[in-house]
Amino acid sequence: MKTEKVVRETIAKSQEQDRDYHAVISWIKDSAIQDCQEMVVVKDSINVQGFATTNGTKSMGKHVEQTSAGAVQKLEEAGYLMTCKTNLHETMFGITSQNHAFGFVKNPLTETGIAGGSSGGTAVAIALGYADLGLGTDTGGSCRIPASLTGTYGFRPSTGRYPQEGVMVISPTRDTVGCFAKTLQGIVELDSCIVPHSQKTEIPDCKSIRLGVDKKTFWHDVDSRVSEETNNALNRLEQQGFQLVEVDAHDILTLANTISFPIVLFEAHDATLKNLEQQGITLEEFLDQLKSPDVRAVFVDGIVQGLSIFGQKRIAQADYEAIMHKEFPQLQSMYAQLFEKHQLDALLFPTTPAPALAVDEQGMTSLNGTEQPAFPIYIRHMELSSLVASPSLCLPCGKTADGLPVGLSLDGISQKDPHLLAVAQAVDSVLSH
C-alpha cells in the first residue's frame, strides 16, 4: 500500500525530474491524491476520469473526461491510482516519441538515442521511477519498441483481451491497450487486475519449454550489438535446458509486413474521423494544429490524399476487403500451423533490430553503416503479433557495451496469454540474473 505522503513525494520528485525528459503531459490534481495499492502512469490516448485526453496533439484534450477507459476502470476498482498522463508520438503514428507538440521524450539511458514509440512517455516514466506500472497502447509495436529501448517490460495482450472502450484508435483490427512495468511480475499483476477471472497457468519447468528460433529471418540485418546480446541470451537459455527449436518463419513475417501498413492506412482514415468526432473538432482543425512533420506527412499525404508513405499508398475499399478476406486469415493459419508443427510454447526473437539509435528530423537513422528510414526498422519484428492477434512480451535481455538496453520478445498463441506469461517468467528467471 502506498500512503498519500509517499504518493505526493514521488509525484513532486517526478515532476522536477521530468523537466528534462518530457515523459508526462499532465499530472493528477492535488486534491485527487490519496492512498493507493500502486501508482500507474497512463498514455495520453487512454481516457482517465479527471484528465483531458490529448492523444499527444494540440487540437485535442479540450475537455476533462468524466469516465475512465474500461481497462483503467478495472485498475481503479482494485485501488490503483492513475498519477499522470504520459507523452507519446503525436497521434500515436510513429516510433520515436519525438513529439513537436509536447516535447521530445528523452531516453534516460542515452544522450542521442530515441525513447521509442508511440508509448515512449510511459516507458520512460517507468524507467525513471515515476511509477512501477503503466498503460500504453499497441498497434504494431507501440508498447514493445519503447520497452526494448528503455530496458523495461512491455506487454501486448491478445487482441480483444482488454476492454478497448475509451481509447483513441488507429486500427480497430489491430489496436489494444498494453502494459508496462519495471518487473515481469508487474506485468502479471496488471494483467490479472484487468482480466481478473483469467485462468492462471503454473510456471512450467524450463526443460519442457519449446521456443521457436529463426536465425535467418529475425537475425537478418540486425545491429551487431543486438545480435551479440540476444545470442548470449539464447546460449544462457539453452544451458538451462530450454529447447530452442529451429523454425522457418520467413514467409510468415514477409506476408505480415506486406499487408500490415495497407490495413493500418486504410482503417486509420475512418478511425481518425471517429476520434475527432468524439473530441468535437473538425478534420481541418486537426490537420492545421499537427506539429510533428512526420505525422503531418502521414495524415495529409498518406491518409487524406492517398499518396505514398514508406513506399505504400492507402488502398481502395475493394483491395482492403480482398486482403481481409484472403491474406489476413491466410497469415493467421500459417502462424497457427508453425506452432502446431513444432509444438511451440513461444516464438523468440530480438524485439527491435537496433538499440536506441539517433533519428533525424527526416526520420532517418544509420543501421550497420547504411542510412535508412527508422520506422520500418523498428516495426519489422512487431507487426506479426498484432495481425495474428497473439500476445507478445518484450523483456530485457542485457545491455550493449555502450549501455544501451536490448529486448527479447516472446510471441504466443492468441488468447493463450496466461501460458505465454508463465513461459516468460521461466525465461526471465534466467535472463534477469
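Side-chain atoms are counted along with the backbone in the values below, which use heavy atoms only and exclude waters and symmetry mates.
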For His22 and Phe102, I'd like to know if the aromatic rings sit close, meaning centre-to-centre distance below 6.0 Å.
no
- request: May I ask you to check whether Phe261 and Phe375 place their ring centers less than 6.0 Å from one another?
  value: yes
Are the side chains of Tyr21 and Leu128 in touch, meaning some heavy atoms are under 4.5 Å apart? yes
Tell me, do Val213 and Phe218 make a side-chain contact under 4.5 Å, heavy atoms counted? no
Under 3.5 Å side-chain donor-acceptor pair for [X] and [Y]:
X	Y	result
Gln17	Ser14	no
Asp221	Asn368	yes
Thr152	Thr150	yes
Tyr162	Asp191	yes
Asp35	Thr3	no
Trp27	Thr83	no

Assess whether a salt bridge exists between Arg174 and Asp138, defined as any Lys/Arg side-chain N lying under 4.0 Å from an Asp/Glu carboxylate O. no
### Query
Is it true that Glu9 and Lys13 have a side-chain N and a carboxylate O under 4.0 angstrom from each other?
no
I'd like to know if the side chain of [X] reaches the main chain of [Y], judged simply by a donor and an acceptor atom lying under 3.5 Å from each other, with no hydrogens or angles considered.
X	Y	result
Asn47	Val167	no
Arg156	Gly178	no
Arg225	Leu404	no
Asn87	Gly56	no
Thr110	Asn107	no
Ser192	Glu189	yes
Ser386	Glu383	yes
Thr365	Ala358	yes
His100	Ser292	no
Gln279	His63	no

Reference residue [X]; test side-chain contact (heavy atoms from CB on, under 4.5 Å); the match among [options]:
X	options	value
Tyr153	Ile126, Leu184, Val188	Leu184
Thr57	Val295, Thr91, Asn99	Thr91
Pro350	Val406, Asn231, Val226	Val226
Glu285	Ile281, Leu283, Asp288	Ile281
Ile95	Asp294, Ile114, Thr352, Leu149	Ile114

Count the heavy atoms belonging to other residues, nucleotides or ligands that lie under 6.0 Å from [atom1] of [X], then report whether that count exceeds 12.
X	atom1	result
Lys274	NZ	no
Lys416	NZ	no
Gln317	CD	yes

(Q) Once you measure the plane-to-plane angle for Phe299 and Phe93, does it fall in the parallel (<30°), tilted (30-60°) or perpendicular (>60°) bin? (A) perpendicular
| message | Classify the ring geometry of Tyr335 against Phe339: parallel below 30°, tilted from 30° to 60°, perpendicular beyond 60°. | response | tilted
Please determine which of [options] meets the side chain to side chain donor-acceptor pair (under 3.5 Å) test together with [X].
X	options	result
Arg144	Ser119, Ser392, Ser409	Ser392
Ser68	Glu76, Lys74, Gln73	Glu76
Lys43	Thr137, Thr86, Asn55, Thr53	Thr137

Return the [atom1] to [atom2] distance between [X] and [Y], rounded to the nearest 0.5 Å.
X	Y	atom1	atom2	answer
Met382	Cys143	CE	SG	11.0 Å
Met60	Asn275	CE	CG	5.5 Å
Ser198	Leu421	OG	CG	8.5 Å
Cys179	Leu393	SG	CG	10.0 Å

